[in-house]
2 protein chains.
Amino acid sequence: MTDRKKKILGVALKLFANDGFNGTSTKKIAKEANVSEGLIFRHFGNKKGLLNALVQQAAERTSVLVAPILKEAHPKIVIQKTIELPFTITENEYSFWKLQFKLKWENDYKSNEKMKPLLDHLSWAFSALRYPEPEKEAVILNYIVESIAIGILRDGTQSHESLKTFLIEKYKTLLL
Amino acid sequence: MTDRKKKILGVALKLFANDGFNGTSTKKIAKEANVSEGLIFRHFGNKKGLLNALVQQAAERTSVLVAPILKEAHPKIVIQKTIELPFTITENEYSFWKLQFKLKWENDYKSNEKMKPLLDHLSWAFSALRYPEPEKEAVILNYIVESIAIGILRDGTQSHESLKTFLIEKYKTLLL
DNA sequence: CATAAAAGTGAGTAATCACTTGCTAATATA
DNA sequence: TATATTAGCAAGTGATTACTCACTTTTATG
């Protein structure tokens with residue numbers, strides 16, 4: 001991948017995340033990336049192709065992030081690592097996640113199956129710990145984690161830091 | 001408020017919720033509302049003015065929905081009613097809530113203070129029930145409820161119905 | 001009933017949109 | 001080194017955009 005192509009992707013990610021897909025013109029992307037507008041279409045075909053490239057990058061990045069949890073064989077640590085997940089977001093990844101969460105509302109990009117493996121592994125963990133309704137516990141924890149991620153994207157990490165230990169302790173003491 | 005004005009608001013709500021603000025043209029709104037395009041600008045000044053009118057309607061509607069919980073004086077019922085909140089969404093309100101949640105990602109309409117009174121009342125309820133960290137419990141429950149609402153908007157009510165009783169039971173048994 | 005205000009229309013308008021085309025510069029490959 | 005392929009640019013293109021304006025129709029009010 002050429003430097004200019006990477007630059008286009010980076011700028012598009014930031015602008016799509018902030019101003020939305022329809023709120024961002026290809027002209028603005030080109031200008032901010034110091035690139036001719038035509039180059040965007042040379043590389044990505046059309047505007048939607050540019051978004052698709054970003055979505056594919058995101059899918060790969062997500063699976064990398066979730067992989068260590070899926071490999072984890074100790075149920076308690078699976079839960080702990082899941083809780084810690086949103087707190088591993090660094091500021092330079094904000095645009096990335098912001099776009100991810102925004103796209104969940106677009107009809108074309110619902111794809112909630114990306115988190116399915118994590119949900120299944122969480123169910124297994126709760127089941128191993130003898131929770132009476134492991135699937136529901138998994139869904140709830142997944143919801144909590146997603147909301148925290150959204151909250152962090154809105155207000156920053158440190159405002160939620162105390163929630164992390166609180167949740168970890170909460171789930172720790174509930175395990176008997 | 002004239003019939004045509006109401007019609008414009010209704011159509012705009014649906015289209016903004018589905019296709020986004022920037023993804024919806026005033027021409028399309030006018031056509032679907034059987035109204036001249038100029039009338040939109042006569043009534044709302046500009047396109048953003050139309051969105052603002054919808055946002056204001058939403059604020060009023062939200063406070064009406066939350067009001068009975070805020071009046072509730074029994075902490076256990078405050079929690080139960082909060083859990084039940086997302087399940088009171090009917091299908092004809094989907095567009096309304098969809099737009100609400102989408103707007104949370106727009107820089108101009110973050111306004112998360114709308115739910116602040118509910119959050120405070122939840123804190124009070126958990127405090128009254130001798131939870132060691134009532135504020136955090138309130139935040140978590142609020143997150144859960146928001147996520148359920150989002151899930152319902154995505155997959156419908158009945159797929160989440162079992163979660164309701166599960167959560168109510170969960171919070172019931174934890175109270176000593 | 002007269003008249004002013006409000007509601008409503010439809011044909012514009014300049015600006016912006018995503019995208020194309022014809023071309024040159026760089027890079028890879030034989 | 002010759003040549004084919006890819007990367008990149010500048011100047012377009014028609015379509016669409018939010019919005020305006022001159023005008024007519026309806027409603028309210030003294």
Side-chain angles (χ1 to χ4, degrees), chain A residues 1-58 60 95 98-100 102-103 105-109, chain B residues 1-58 60 95 98-100 102-103 105-109:
Chain A
M1 175 132 54
T2 178
D3 279 354
R4 285 176 135 87
K5 194 173 178 182
K6 277 186 227 167
K7 190 74 195 294
I8 291 171
L9 280 170
V11 169
L13 172 62
K14 186 190 123 199
L15 292 180
F16 285 167
N18 278 331
D19 307 330
F21 178 75
N22 287 314
T24 305
S25 68
T26 50
K27 189 178 182 178
K28 193 175 176 188
I29 295 170
K31 196 173 186 180
E32 205 146 316
N34 288 316
V35 146
S36 72
E37 201 178 345
L39 191 59
I40 293 175
F41 298 93
R42 164 121 300 157
H43 279 312
F44 303 100
N46 53 33
K47 196 185 169 187
K48 202 128 198 176
L50 174 55
L51 179 61
N52 286 335
L54 286 172
V55 168
Q56 200 187 328
Q57 276 196 338
E60 296 162 10
S95 292
K98 208 169 165 183
L99 181 59
Q100 286 286 104
K102 269 194 179 184
L103 284 177
W105 292 104
E106 304 313 314
N107 294 330
D108 301 347
Y109 291 97
Chain B
M1 176 132 54
T2 177
D3 279 355
R4 286 174 135 89
K5 193 172 178 182
K6 277 187 227 167
K7 190 76 195 294
I8 291 172
L9 280 169
V11 169
L13 172 62
K14 187 190 122 200
L15 292 179
F16 286 167
N18 279 331
D19 307 329
F21 179 75
N22 287 313
T24 305
S25 67
T26 51
K27 189 177 181 177
K28 194 175 176 190
I29 295 171
K31 196 174 186 178
E32 205 147 317
N34 288 314
V35 146
S36 71
E37 201 179 346
L39 191 58
I40 294 175
F41 297 93
R42 164 120 300 158
H43 279 312
F44 304 101
N46 53 33
K47 197 185 170 189
K48 202 124 198 180
L50 174 54
L51 179 60
N52 286 336
L54 287 171
V55 168
Q56 200 187 327
Q57 276 197 337
E60 295 163 10
S95 291
K98 208 169 165 183
L99 181 59
Q100 285 286 102
K102 271 195 178 184
L103 284 178
W105 293 104
E106 303 313 316
N107 293 331
D108 299 349
Y109 292 97

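Every chain is numbered from 1 and lettered A, B, ... according to where its sequence line falls, protein lines coming before strand lines.
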* Asked: Roughly, in whole Å, what's the span from CD1 in B/Ile29 to C1' in D/dT16?
  -> 15 Å
* Asked: Hey, are the side chains of B/Leu9 and B/Leu50 touching, using non-hydrogen atoms and a 4.5 Å cut-off?
  -> yes
What pairs of nitrogen or oxygen atoms, one from the protein and one from nucleotides 11-16 of chain C, lie under 3.5 Å apart?
none

* Asked: CG of B/Asp3 versus P of C/dA6: gap in Å, rounded?
  -> 19 Å
* Asked: Whole Å only: how far is the CD1 atom of A/Ile40 from the P atom of D/dA7?
  -> 15 Å
* To do: Kindly indicate whether the side chain of B/Lys98, heavy atoms from C-beta on, has any atom under 4.5 Å from the side chain of B/Asn18.
  => yes
* Would you say the side chain of B/Leu13 lies within less than 4.5 Å of the side chain of B/Gln57, judging by non-hydrogen atoms? -> no
* **N or O in side chain of B/Thr26 less than 4.0 angstrom from D/dA18 OP1/OP2** => yes
* Does B/His43 make a side-chain N or O approach to OP1 or OP2 of C/dG8 shorter than 4.0 Å? -> yes
* To do: Return the 5'-most residue of the pair A/Asn22, B/Lys5 with respect to DNA chain C, ranking by each residue's nearest nucleotide.
  => B/Lys5
* **Summary of side-chain hydrogen bond (donor to acceptor under 3.5 Å, both in side chains) pairs that have at least one residue in residues 4-16 of chain A, sequence neighbours excluded** => A/Lys14-A/Glu32
* Spacing between A/Phe21 atom CZ and C/dC17 atom P, to the nearest angstrom -> 13 Å
* Asked: Starting at CG of A/Asn46 and ending at P of C/dC17, how long is that distance when rounded to a whole Å?
  -> 17 Å
* Value in whole Å for how far the P atom of D/dT6 lies from CG of A/Leu39 -> 15 Å
* To do: Please confirm whether B/Lys47 makes a cation-pi placement over B/Phe21, using NZ or CZ under 6.0 Å from the six-membered ring centre and within 45° of the ring normal.
  => yes
* To do: Let me know the distance between NZ of B/Lys31 and C1' of C/dT9, rounded to the nearest Å.
  => 17 Å
* Applying side-chain contact (heavy atoms from CB on, under 4.5 Å), run through A/Asp19 and A/Lys28 and close with a yes or a no. => CA-CA 11 Å; A/Asp19 307 330; A/Lys28 193 175 176 188; 3.3 Å; yes
* Asked: Would you say B/Ser36 reaches C/dG10's phosphate, i.e. side-chain N/O to OP1/OP2 under 4.0 Å?
  -> no
* Structure fact -> Atom CE of B/Met1 and atom P of D/dT27 are separated, to the nearest Å, by 18 Å
* B/Leu99 to B/Phe16 - nearest heavy-atom pair and separation -> CD1-CB, 3.9 Å
* Does A/Arg4 have a side-chain nitrogen or oxygen under 4.0 Å from the phosphate oxygens OP1 or OP2 of D/dC9? -> yes
